[in-house]
Amino acid sequence: MKNELIFFTIATIVQHCTNLDCRIVEVGDKKRYLKEQCGSLFKCPLSDELYSVEPYRDDPAWNKFSPNCTLKYDKICKNDSKFYQVCGHIESRCNANYGDTNDRDLFCQTYICQHIDRIYKFSMTFKGKILSGLVNSRYADSNGEYTCLNSQVDERNSPKIEDSYVCKGELETLVGKDKVCDLKCDCYRCNDESFCNNQTYGIKSCNATFGEHVHAMYMCDGYQQCSNDMDELVCNEEDIIRNCTPGDVHGPDFYNRFPTNIRPIYSHQICAVPRLGLYAYTCKDGLDQINCTDSERIAFTCNMNGYPTSLSIFALCMGFELCDDGYQNQCMVAEKGCTIHKSFLCDGVNDCPKGGDESEIFCATLSNTTCIRTISRDNQPMSFPMSWVKDGKLDCFDGIDENETQWEKCGNDPVTRYDEEGTDCHDVFLCSTGGIESLVIDGFVELQDLCDRVESCGMEDKICASARNSPEIYNQITYFDPIGPLKLMHCLDGLRNLRFQKCPCREITFKGPHKDILGVSALTIVGPLDKESCANTFGELYVYLSCSSSCSDTTCPLKPVGPDDCTNVENQVLSISLDYQLTIVQKRKGSYYSPYFPCKNHKCVTFSKVCDLKNDCGDNSDEENCSNNFYCNTSGEFIPKTSICDGKFDCRDYSDECGEVCSGQSKRLIPNKYFAAFSWTSGILALLLNAFTMTTTLLSIKRYESVKISCDEIRSTVWIFSGSSILELHLLRHNNYLLLRY
C-alpha cells in the first residue's frame, strides 16, 4: 500500500504543475484514438484531470502469454461512463483474450473495475480500493453479484439466475440458457458448447485447474489440465481418429511428446467449437473439422481426395485446403470486419453486424429461378445472385446455376453474360482496358448505367457531359491556406471587385454536425456576409455555406458520424466530442478535421461528394437532403435544381420538363416562330389533302355511274370531310391562341 501512496503522490504533484507540456497524440495500433498527453500522463476525456496507465506485471504467468494485455490505472476518470479512458491503451493483439463484443454501452468493449478485497485466479481484475484493472465486458462477472465499486457494467448483461447456465471455472459467469449449444463459445472456457446433441467435446467434469471443462484443443497435448490427468489419460493409441498438423495453441510439453509435429486427434476433438477470439483449432490444417458426428454442425459435403467428406461450419472461410474444388473458401468481405461464405449472401438473414451481406452490392440482381443452395441453413429453395450463373462453381445443390440449357447466353467474349431463359439480351458498353478509375470488374456496364454522373467505366461520364453540353460542376474548394482561413470563391482576392460589389465577406467558424471534438481544430472560413442562394453550389462549397447559415434557401445536409460508420475508411482515427459521442476524424496538413458524411449503408464520403449530383454513397443518401438538386423520377440521375423547367431535357426520362413539376411554368421547348410555322403548315396541308381526297371521290362517283352508290355512303364521305376540316380549323385557332398567350 505504501508503494501505491508514493505512486499517487507523484501523479498528484505532476498534475498540479503549471508548465506541463500537453499535446494531442494518437494512441493505439490498428484503431487509433486521440488523447491529450501531458508528459507521461494522459488527460481524462473532456476534463483537466490526469491519469497514468502502465502494464500490470504482478502476475508473471499471465504476462508470459499476454504481455501488456492487462493494465493498471492510478485513477478512474469521472463522467466517463463509456470508458473512453481505456481506448487505445490495450493492443489489438490482445483481442484474442479480450475479444470484440461490439458493446454499444462501452466505447472500446473494455472498462475499468475498482475492486475491494477481491482477486481472481486469472488476474483479469485486481485487488485494492485504488488500483484498477482493465476488464473485458465479454468475460465480466455476470454472476448476479456487483463486483465493481465504480460501475455496474459487470452485471449489465447478466441473465436471471433461473434463466441462466453457470460457466463453471475461475469466474463462474452466467449466460442465458438460450446460449447453450448455439455454436458459439459464450463461456470463457467454452463450457456451454461441451455437451450438445449427446456428443461430448473436450473433457467435461474433470476438476480442471481453470474450471470443470477442458477445451478440445487442450486434450492430449502433453500438458496436464485436469487434476487427475484425465485430459491426458484418455489418449489411447487405438482411439486415434486421424493425424493432423497441430494448431498454434497447445501445452508447453507438446513438442517433446510429438517431435515430428504431427498430432493425433480423438473423437472428442472432432468438430469442436473454436474458442471465441482465439480462433483456436486443434488442427492447423482443419482436419479436426471434417466428418462431424453431429449433423447440426455439418455445413455441406464435398469430395476430398476423391472421397465424399462432410465439413463443419467452422471449416468455412478459414483457408483450409480440404475440398478438391476449394468451395469451402468461396468467401468474400461483405463489410469491414465481416468475411462470409458466398452461400450466406442474399438469404434474408443479416450475418454481418451492419447487414452488408444483404446489401445492394451483392443482391441487386437476383434470379427468378430458385434452388436449394449447396450450403443451406434450412434446405429451402431461394433465389440467388445472377453473378453465380456459369461462374464455374456449383452453388446450387442440383447444379442448375451451371446448367447451360437453363440460361440465355448474351454476347461473346469479352462481354459474355447470362440471363434467365427467354430474356432478350440488351446491349452493353465495353469499358476501355487499363483505366485506373474503372470500378467495373466484368469490363462492361449496362447502357442504363452510363451518363449517371458516376464514373462506372473509366472516363465515360466526362464524355457524356461534353456530348450533352452540360456545365461543369465544381464540388471542391480549390483554395486552402494551411496557416490561414479557408476562403470560399465569393471572397478570393482575385475577385476583389466582385466581392465588394456583391457583398462584403466575414469569417465564420465551421464545426460541422458535432459539438467540439477532442483534438479537432474548428475550421475558419471566409464567406459572404449576407445569406445568398446556394442553388448553384455543390460539394464542399455547398456544405460549408449551408452548414454555416450562409444560404437563404438550404438546410445543412450533414449528420453526426458514429464509430460504426465509415466501413470503407482504412486506418481510422477516432476521437470524442463534447456531447460524449465517438466519431471519426482525419489528419490533414498537421491538423485534425472531421470531413466525413455518413451514408445510410455505413460507408462514408468526404464533403466534396455531398450534394454534388452524383450517387457517391451507392444508396443516394449523399443527395437526399440537398436543396440544390432534382431527382429524375425513373432514369434515376440528379440534375441541378436550376435546370428544371428551363426548356431543355436534362433527365433521360424527360421528368424535368414534363409532368406536375413544370405545371404552368415550363419554358417553350420549341421557339414560337418555329412552332407557329409548323402548326400552320401542317394544318393547311391537312385541309388541302382532305379537299383533294373529297374531289377525287366525287369524280370517281361520276365516272362510274353504272355503279350503284347508296346515299348513306355519300353522306358519310361528306361528314368525314366536314368533321375533319372543322377539327383542323379549331386546332389552328387554338394553337394561335396559345402562341399569343405564352
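Everything numeric here is computed off the predicted structure, so don't read it as measured data. These values consider heavy atoms only, across backbone and side chains, with no hydrogens, waters or symmetry-generated copies.
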Q: Are any of the side-chain heavy atoms of Leu287 and Arg263 separated by less than 4.5 Å?
A: no
Q: If only atom types and distance count, is the side chain of Gln586 paired as donor or acceptor with the main-chain N or O of Tyr593 below 3.5 Å?
A: no
Q: More than 12 non-hydrogen atoms from neighbouring residues, nucleotides or ligands closer than 6.0 Å to CD on Glu321, yes or no?
A: no
Q: More than 12 heavy atoms of other residues, nucleotides or ligands under 6.0 Å from NZ of Lys179: yes or no?
A: no
Q: Could you grab the distance from atom SG of Cys371 to atom CH2 of Trp388, nearest 0.5 Å is fine?
A: 7.5 Å
Q: Looking at Pro557 and Val610, what are the two nearest heavy atoms and their distance?
A: CG-CG1, 4.1 Å
Q: Nearest 0.5 angstrom please: Phe538 CZ to Lys609 NZ, how far?
A: 15.5 Å
Q: Start with the C-alpha gap between Tyr418 and Lys409, add the side-chain angles, then the distance that decides, and say whether side-chain contact (heavy atoms from CB on, under 4.5 Å) holds.
A: CA-CA 5 Å; Tyr418 294 88; Lys409 181 181 178 182; 3.8 Å; yes
Q: Give a yes-or-no answer on whether the side chains of Tyr596 and Thr583 include a donor-acceptor pair shorter than 3.5 Å.
A: no
Q: Could you check whether Thr369 and Ser367, counting side-chain N and O atoms only, form a donor-acceptor pair closer than 3.5 Å?
A: no
Q: Determine, for Glu404 against Lys390, whether the closest basic-nitrogen to carboxylate-oxygen distance falls under 4.0 angstrom.
A: yes
Q: Which of parallel (below 30°), tilted (30 to 60°) and perpendicular (above 60°) describes Phe384 and Trp407?
A: perpendicular
Q: Would you say Leu311 and Cys302 make side-chain contact, with heavy atoms under 4.5 Å?
A: yes
Q: Looking at residues at least two apart in the chain, or sitting in another chain, which of them share a ring pair (Phe, Tyr, Trp, His ring centres under 6.0 Å) with Tyr266?
A: none
Q: Is the side chain of Asp357 donor-acceptor paired with the backbone N or O of Cys352 at a distance under 3.5 Å, no angle test?
A: yes
Q: I would like to know whether Cys283 and Ile265 meet side-chain contact (heavy atoms from CB on, under 4.5 Å); could you show each step before the answer?
A: CA-CA 9 Å; Cys283 301; Ile265 51 178; 3.6 Å; yes
Q: I'd like to check the ring pair (Phe, Tyr, Trp, His ring centres under 6.0 Å) partners of Phe397; sequence neighbours left out, ordered by chain and number.
A: none
Q: Under a 3.5 Å distance rule, please check whether Asn303 uses its side chain to pair with a backbone N or O of Asp324 as donor and acceptor.
A: no
Q: Carefully, step by step, assess Gln199 and Asp294 under the rule side chain to side chain donor-acceptor pair (under 3.5 Å).
A: CA-CA 7 Å; Gln199 301 294 322; Asp294 184 355; over 6 Å; no
Q: Does the side chain of Cys181 come within less than 4.5 Å of Glu193's, by heavy atoms?
A: yes
Q: I need the minimum non-hydrogen distance between Ile372 and Pro381, along with the two atoms involved.
A: CG1-N, 3.9 Å
Q: When you compare the side chain of Asn568 with that of His602, does any pair of heavy atoms fall below 4.5 Å?
A: no
Q: What closest approach, in Å, do Cys292 and Ile270 show between heavy atoms, and which atom pair accounts for it?
A: CA-CG2, 4.3 Å
Q: For Ser312, run the side chain to side chain donor-acceptor pair (under 3.5 Å) check against Arg297, Glu296, Gln289 and tell me which one passes.
A: Gln289
Q: Does the Thr374 side chain pair with the main chain of Leu394, one donor and one acceptor, at a distance under 3.5 Å?
A: yes
Q: Tell me, do Pro640 and Leu613 make a side-chain contact under 4.5 Å, heavy atoms counted?
A: yes
Q: Output the distance between atom CG (Asp616) and atom SG (Cys604), rounded to the nearest 0.5 Å.
A: 12.5 Å
Q: Say whether Tyr542 and Asp612, considering side chains only, have a donor N or O and an acceptor N or O under 3.5 Å apart.
A: no
Q: Ignoring hydrogens, what is the shortest heavy-atom contact between Val273 and Cys185? Give both atom names and the distance.
A: CG1-SG, 3.8 Å
Q: How about Asp395 and Gln330: do any of their side-chain heavy atoms sit closer than 4.5 Å?
A: no
Q: Tyr33 vs Phe107, test: ring pair (Phe, Tyr, Trp, His ring centres under 6.0 Å). Steps then yes/no.
A: CA-CA 11 Å; Tyr33 299 84; Phe107 280 142; 8.9 Å; no
Q: State plainly whether the residues Asp565 and Lys559 are in salt-bridge range, i.e. N to O under 4.0 Å.
A: no
Q: Would you name the heavy atoms of Ile584 and Gly562 that are closest together and state the gap between them?
A: CD1-O, 3.8 Å
Q: For Lys603 and Cys617, which heavy atoms make the closest approach, and how far apart are they?
A: NZ-O, 3.5 Å
Q: With sequence neighbours left out, write down each residue that passes salt bridge (Lys or Arg N to Asp or Glu O under 4.0 Å) with Glu570, or none if nothing qualifies.
A: none
Q: Counting N and O atoms only, with roles assigned by atom type, does the side chain of Gln406 sit under 3.5 Å from a partner on the main chain of Asp401, one being a donor and the other an acceptor?
A: no
Q: What distance separates Leu322 CG from Met304 CE, expressed to the nearest 0.5 Å?
A: 5.0 Å
Q: Donor-acceptor check, side chain of Asn329 to backbone of Gly319, threshold 3.5 angstrom: yes or no?
A: yes
Q: Parallel, tilted or perpendicular: which one describes the rings of His341 and Tyr327, with boundaries at 30° and 60°?
A: perpendicular
Q: Whether the side chain of Gln328 engages the backbone of Leu316 through a donor-acceptor N/O pair (distance < 3.5 Å, no angle test) should be reported.
A: no
Q: Can you tell me if Glu420 uses its side chain to pair, donor with acceptor, with the backbone of Asn368 under 3.5 Å?
A: yes
Q: CG of Asn628 to CD of Glu623: how many Å apart, nearest 0.5 Å?
A: 7.0 Å
Q: To the nearest 0.5 Å, tell me how far Asp398 CG sits from Asn403 CG.
A: 8.5 Å
Q: Answer whether the closest heavy-atom distance between the side chains of Glu540 and Thr606 falls below 4.5 Å.
A: no
Q: I'd like to check Gln572 versus Cys566 (side-chain heavy atoms, cut-off strictly below 4.5 Å). Are they in contact?
A: yes
Q: Judged by atom type as modelled, is there a donor-acceptor pair below 3.5 Å linking the side chain of Tyr281 to the main-chain atoms of Phe314?
A: yes
Q: Would the distance check show the side chain of Lys393 and the main-chain N or O of Asp325 forming a donor-acceptor pair, the cut-off being under 3.5 Å?
A: yes
Q: Checking Leu558 against Val543 for the side-chain contact (heavy atoms from CB on, under 4.5 Å) test, could you report, in this order, the C-alpha distance in whole Å, the side-chain angles of both residues, the deciding distance, and whether it holds?
A: CA-CA 8 Å; Leu558 299 182; Val543 169; 3.7 Å; yes
Q: Carefully, step by step, assess Phe649 and Cys658 under the rule side-chain contact (heavy atoms from CB on, under 4.5 Å).
A: CA-CA 9 Å; Phe649 288 125; Cys658 303; 4.0 Å; yes
